[in-house]
Amino acid sequence: MAAEIHSRSPRGPVLLTKIPGHREHVTSACLIPREDGVITASEDRTLRVWLKRDSGQYWPSIYHTMSSPCSALRYHHESRKIFVGQDSGAVVEFLISDDFNKINFVKTYPAHQNRVTEIIYSPGPEWVISTGQDKFLTWMCTESGSLVGRHAFSSWASCLQYDEETKYAFVGDFAGQITLLKLEKDGCSVISNLKGHEGSISCLYWDPVQRYLFSGSSDHSIILWDIGGRQGRTLILQGHHDKVQGLCYLQLTRQLVSCSVDGGICVWNMDIEREEAPQWLESDSCQKCAQPFFWNIKQMWDSRTLGLRQHHCRKCGKAVCGKCSTKRSSYPIMGFEFQVRVCDSCYETIKDEDRTSLATFHEGKHNICFMTMDISRGLMVTCGTDRLVKIWDMTPTVGCSLATGFSPR
């Protein structure tokens, strides 16, 4: 398939359509590949398939009522399988017809004892893998319906990504930790634990080509974990002002698309050599002026001075007092798109060109609780707390489109 690459543009996403009609907020949605269609799962207990009619409007070709509110959705286009996670903890499998006008029930998997948070279908070993608020990761056989394995966490398992080749599962939890596991037929082994967020993990995205793992959190930040090439490298991206709810990495243009609860849509330029944020250093006194911090009783007594509050410079990581860090600056090469605290000496080293933004920011105009993309067509779908599903053309923003021959947008 030939690729047609255009120069990057600061223009925002183009809203193609809004899909109303749900009585509760939509928890998940999926664009149907090579079709003008969307599958949605909602808290109103409905699974719906929307197809674009000649009028340009989307109408439900399938409207199926579930026994419990829908909390997660996964569609596998090659096999036409749909998996729906429910508030009850069950995962229900359906098979959809080739014309997307009929679904048939296949089976129910008793995967969890509480709300299902994420579902992955692995066609190789025929596993349906899921996480839930019962603090478990489970993987079940789609042929027999039996449990293959499960792993317990200390807090809610909130999101999941999976590498088909290595059978590695990445599980984010409510405590802010990401666990990397190797799944097997007779159990699993924990490979490593990734810690870096100060809030719960709200979304993950795994790129198997670059072997990058992206994590979004309620602490408003995104972290890139370089799982493949440079072991241990992490890059922090701070540009959102609310909980990050959706991530998608565009490998062709080296861009990351992220969405947050406040409706913010951000496109990050990852096609540059970014700097890692330094580890924060600890000290009993300011590492610039040597004045004691308020817990350093001995130095306070010896110098007959009051202790000062400790801060940290985001550029060098040194522990500094307020008087030595009066400046604020953005520093996009390190991921800080808005102004953060830097020490006065670091501030003097930051040039005007160093403050040039490496991301573009746009407004989704609804509180986004879910986002996914069809990268081949440059389409994005967002679900909001306003019960609307929005379909966006992202090609003006990411500056890339594939010569696909699909119907014009």
Side-chain angles (χ1 to χ4, degrees), residues 17-33 35-53 55 57-121 128-134 136 138 140 142 145 156-160 245-246 366-372 374 381-391:
T17 190
K18 299 178 184 178
I19 302 178
H22 292 92
R23 296 188 300 275
E24 300 289 343
H25 88 266
V26 182
T27 53
S28 189
C30 174
L31 290 159
I32 302 174
E35 297 285 344
D36 287 322
V38 185
I39 305 172
T40 61
S42 170
E43 292 275 6
D44 63 10
R45 299 192 301 138
T46 62
L47 170 67
R48 310 186 197 193
V49 179
W50 306 80
L51 297 181
K52 189 176 182 180
R53 306 304 183 186
S55 64
Q57 298 297 313
Y58 283 78
W59 291 92
S61 62
I62 295 173
Y63 184 108
H64 181 81
T65 302
M66 307 288 290
S67 60
S68 176
C70 305
S71 57
L73 171 70
R74 180 65 59 176
Y75 171 62
H76 187 255
H77 188 63
E78 287 71 24
S79 63
R80 295 295 198 271
K81 291 183 177 182
I82 300 176
F83 298 90
V84 182
Q86 296 185 275
D87 222 28
S88 62
V91 174
V92 184
E93 180 185 347
F94 298 94
L95 195 63
I96 192 168
S97 62
D98 289 340
D99 60 3
F100 302 100
N101 284 308
K102 182 181 179 182
I103 58 170
N104 293 312
F105 168 79
V106 178
K107 61 168 68 76
T108 299
Y109 303 88
H112 299 276
Q113 299 297 316
N114 208 329
R115 183 182 177 92
V116 179
T117 55
E118 190 88 61
I119 304 170
I120 298 284
Y121 172 61
V128 55
I129 311 164
S130 59
T131 51
Q133 290 185 358
D134 59 354
F136 276 98
T138 67
M140 305 188 73
T142 56
W156 288 355
S158 52
C159 46
L160 168 69
Q245 287 287 75
H366 69 161
N367 295 335
I368 297 172
C369 59
F370 179 85
M371 177 273 279
T372 190
D374 182 340
V381 60
T382 60
C383 306
T385 55
D386 55 2
R387 297 172 291 180
L388 286 178
V389 177
K390 294 184 178 182
I391 301 176

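Numbering of residues begins at 1 and proceeds along the displayed sequence.
In the displayed structure, K102 atom NZ is contacted under 6.0 Å by at most 12 heavy atoms of other residues, nucleotides or ligands. Heavy-atom neighbours of K81 NZ from other residues, nucleotides or ligands within 6.0 Å: above the threshold of 12.
Considering only heavy atoms from C-beta on, F83 comes within 4.5 Å of T142 through its side chain.
Ring planes of H76 and Y121: perpendicular class, angle over 60° (limits at 30 and 60°).
To the nearest 0.5 Å, the span separating CH2 on W59 from NZ on K52 amounts to 15.0 Å. Separation of atoms CG (L73) and CD (E118) is listed at 10.0 Å; rounding is to 0.5 Å. Put simply, NE2 on H366 and NZ on K18 are 9.0 Å apart, with the number rounded to the nearest 0.5 Å. One distance of note links CG of N367 with OG1 of T382; it measures 11.0 Å at 0.5 Å rounding. To the nearest 0.5 Å, atom OG1 of residue T131 and atom NE2 of residue H112 are 6.0 Å apart. From L47, atom CG reaches atom CD1 of I96 across 8.0 Å, with rounding to the nearest 0.5 Å.
Taking all atoms of both residues into account, the shortest heavy-atom contact from C369 to T385 is SG-N, 4.4 Å. Counting all heavy atoms, side chain and backbone alike, Y58 lies closest to T17 at CE1-CG2, 3.6 Å. A pairwise comparison of heavy atoms in A29 and V38 identifies CB-CG1, 4.3 Å as the closest pair. Taking each heavy atom of Y75 and C30 in turn, the nearest pair found is CB-SG, 3.8 Å. Here the shortest heavy-atom pairing between N114 and D134 reads CB-N, 3.7 Å. Taking both residues in full, the closest heavy atoms of S61 and N101 are given as CB-OD1, 3.2 Å, listed atom of the first, atom of the second, then distance.
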Problem - Evaluation steps, side-chain contact (heavy atoms from CB on, under 4.5 Å), between V84 and F94 - result: CA-CA 8 Å; V84 182; F94 298 94; 4.2 Å; yes

Exercise for the section: Apply side-chain contact (heavy atoms from CB on, under 4.5 Å) to H77 and I32, showing your working. Expected result: CA-CA 7 Å; H77 188 63; I32 302 174; 4.0 Å; yes

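Partners of R115 according to the side chain to side chain donor-acceptor pair (under 3.5 Å) rule, which considers only residues two or more places apart in sequence or in another chain, are E43, D87. With sequence neighbours left out, T40 forms a side chain to side chain donor-acceptor pair (under 3.5 Å) with H22, W50.
For T27 (side chain) and A41 (main-chain N/O), a donor-acceptor pair under 3.5 Å exists by modelled atom type. Side-chain N or O atoms of T117 include one that pairs as donor or acceptor with a backbone N or O of A157 at under 3.5 Å. Checked by atom type and distance alone, the side chain of S42 never pairs as donor or acceptor with a backbone atom of T46 at under 3.5 Å. Counting only distance, with no hydrogens or angles, the side chain of S71 and the backbone of V116 share a donor-acceptor pair below 3.5 Å.
Between D44 and R48 there is a salt bridge, since at least one side-chain N of the basic residue sits less than 4.0 Å from a carboxylate O of the acidic one.
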Which pairs of donor and acceptor atoms, one on a side chain in residues 62-70, lie under 3.5 Å apart (sequence neighbours left out)?
residue	atom	partner	partner atom	Å
Y63	OH	R23	NH1	3.2
S67	OG	Q86	NE2	3.4
S68	OG	S88	N	3.3

